[in-house]
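By convention in this document, chain letters (A, B, ...) are assigned in the order of the sequence lines, proteins followed by strands, and residues within each chain are numbered from 1. In what follows, every heavy atom counts, from backbone to side chain, and hydrogens, waters and symmetry copies are set aside.
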Number of protein chains: 2
Amino acid sequence: MTAKAAAAETRTPPVHPMPFVRIELAVLSVLEGALQVLLGRRAEAPMAGRWALPGGVLRIDLDADLDAACQRTARERLGIELPGAVQLAAVGGRSRDPRAPWALSVVYRCMVTPGRLAIEPGKRMAELKWVPAQAAIADDKLAFDHGLLIDKAVQSLRAEVEVLRFAPGLMEQAFTLGELQAASEAVLGRPLDKSSFRRRLDAAGCVKPVPGELRTGAFRPAQLYRLELQH
Amino acid sequence: MTAKAAAAETRTPPVHPMPFVRIELAVLSVLEGALQVLLGRRAEAPMAGRWALPGGVLRIDLDADLDAACQRTARERLGIELPGAVQLAAVGGRSRDPRAPWALSVVYRCMVTPGRLAIEPGKRMAELKWVPAQAAIADDKLAFDHGLLIDKAVQSLRAEVEVLRFAPGLMEQAFTLGELQAASEAVLGRPLDKSSFRRRLDAAGCVKPVPGELRTGAFRPAQLYRLELQH
DNA sequence: TCAAAAGTGTTTGGGTTACACCCATGG
DNA sequence: CCATGGGTGTAACCCAAACACTTTTGA
């Protein structure tokens, strides 16, 4: 019986040591006209005091799959869900993380509207802050390889906005076309032409007017729109 | 001393069980005018006898990082290196693989020229065969979730060919523009216009003539070209 | 009445499609 | 000399940038 168990043990894969698996969150937002990324200051070793992407350990007892692990991590570290989070990449290797001989991180990217996030640090987060994405990518004092990960996140976001595939969470539920253009310009880092931007928008059909709804500001009121789900 | 060790132990992450981590290879090739994917018949349980993507267990003692793990897996299963392999995605969850309570696979995609691969099954591979990608994606009898993974691989390849970013391994070292066009058409699944294809090629500068080199066939000899590395 | 932002039209040019047309070669 | 694939030219067209213009409101 013990022999049989031993045999089964030998045949099953866990005979090989497995890597330390984490989830990292690249949470982005357009704030004050610039694309910013949410960083947390690490409360514990390793790299205590250093700024890093919020993240946590994959818990196979709690998480049904990777996407669920992403959401649980978001709840624990940021106190909110991250609808529309998409997987960016997996990175892994020796000496990525001093806690383990081999560390693998699955990185998620998510857009969040300014209001969504009451920046309240959760477990093991000393502090949270928004940092302009440019500065974060250039900062070589970020923990681990998180600078590279932020770069990847920004690149993939740009590629999507370029072809008018707006991630949910980029805008509030309802917004004016002017606001959408401003957000796109902040992400892309270059100005867009109002006329062609709008023509492209309704050619793509990715945005739908909310009848009757207007935003009344200091000047002429603007039609409000919502994101239309892509095919 | 033991107390200190115990404390360290409690703080270090391996207190949580980690998932079973594998590498899967989506090896694609244009064969007989169609995009095909390399499948292996599983020699062992689970799903013995079923066709699946070649793959293997991540070995943190052997692999320096994920890319290295991909190459080792290719050597062991296929007997060759896979230059130009790119990471596609990571998938993971409970009940993906009966061998473990939680399985995570990092999937790589690679193009291979017809001649490159002497289909010689390696360790734990009963047999290897090329299957048209369309058929493989539609086949619901593939092991695990590999049908979905093949779909992803083909989609990402199409997106690249669409913008003339030819993966190394798509073509032999030297090729005629006609061959490049034929391969692109096979990947995209639609005909391309010769004239505009060529104009786009030299606008993008992604292809460079090899002076003096000609391919002499049944008819007029053709200039040979090589892929130019992108910026 | 003016500033500021919303919203529309028109011109223009670059790039792609579609198609026609020569060129070179082995059979 | 002809079938076949290599290679080039041209006109039509589409899209989007550029820019000017009108509209609407609060101050």
Quick one: [X] [atom1] to [N] [atom2], roughly how many Å, whole number?
X: A:D202; N: C:dG7; atom1: CG; atom2: P; value: 13 Å
X: A:R200; N: D:dC14; atom1: CZ; atom2: P; value: 19 Å
X: B:L224; N: D:dG7; atom1: CG; atom2: C1'; value: 14 Å
X: A:R199; N: C:dT12; atom1: CZ; atom2: C1'; value: 12 Å

Distances under 3.5 Å between nitrogen or oxygen atoms of protein and nucleotides 23-27 of chain D:
unit_1, atom_1, unit_2, atom_2, d
D:dT23, O2, A:R220, NH1, 2.5
D:dG26, O4', A:A218, O, 2.6

| said: Between A:S196 and A:R200, is there a side-chain donor-acceptor contact under 3.5 Å, judged purely by atom types and distance? | reply: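 No pair is found: no donor N or O on one side chain lies under 3.5 Å from an acceptor on the other.
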
Subject >> Distance-only polar pair, side chains of B:Q36 and B:S29, donor-acceptor under 3.5 Å >> reply: no

[X] and [Y]: which non-hydrogen atoms are nearest, and at how many Å?
X: B:A26; Y: B:A153; result: CB-CB, 3.9 Å
X: A:V91; Y: B:L66; result: C-CD1, 3.7 Å
X: B:A167; Y: B:E160; result: CB-OE1, 4.5 Å

* Under 6.0 Å from the six-membered ring centre of A:W51 and within 45° of its axis: does the NZ or CZ of A:K141 meet both? ->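 Output no; distance or angle outside limits.
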
Note: contacts of residues 174-198 of chain A with DNA chain D (heavy atom, under 4.0 Å) are A:D193, A:S195, A:S196

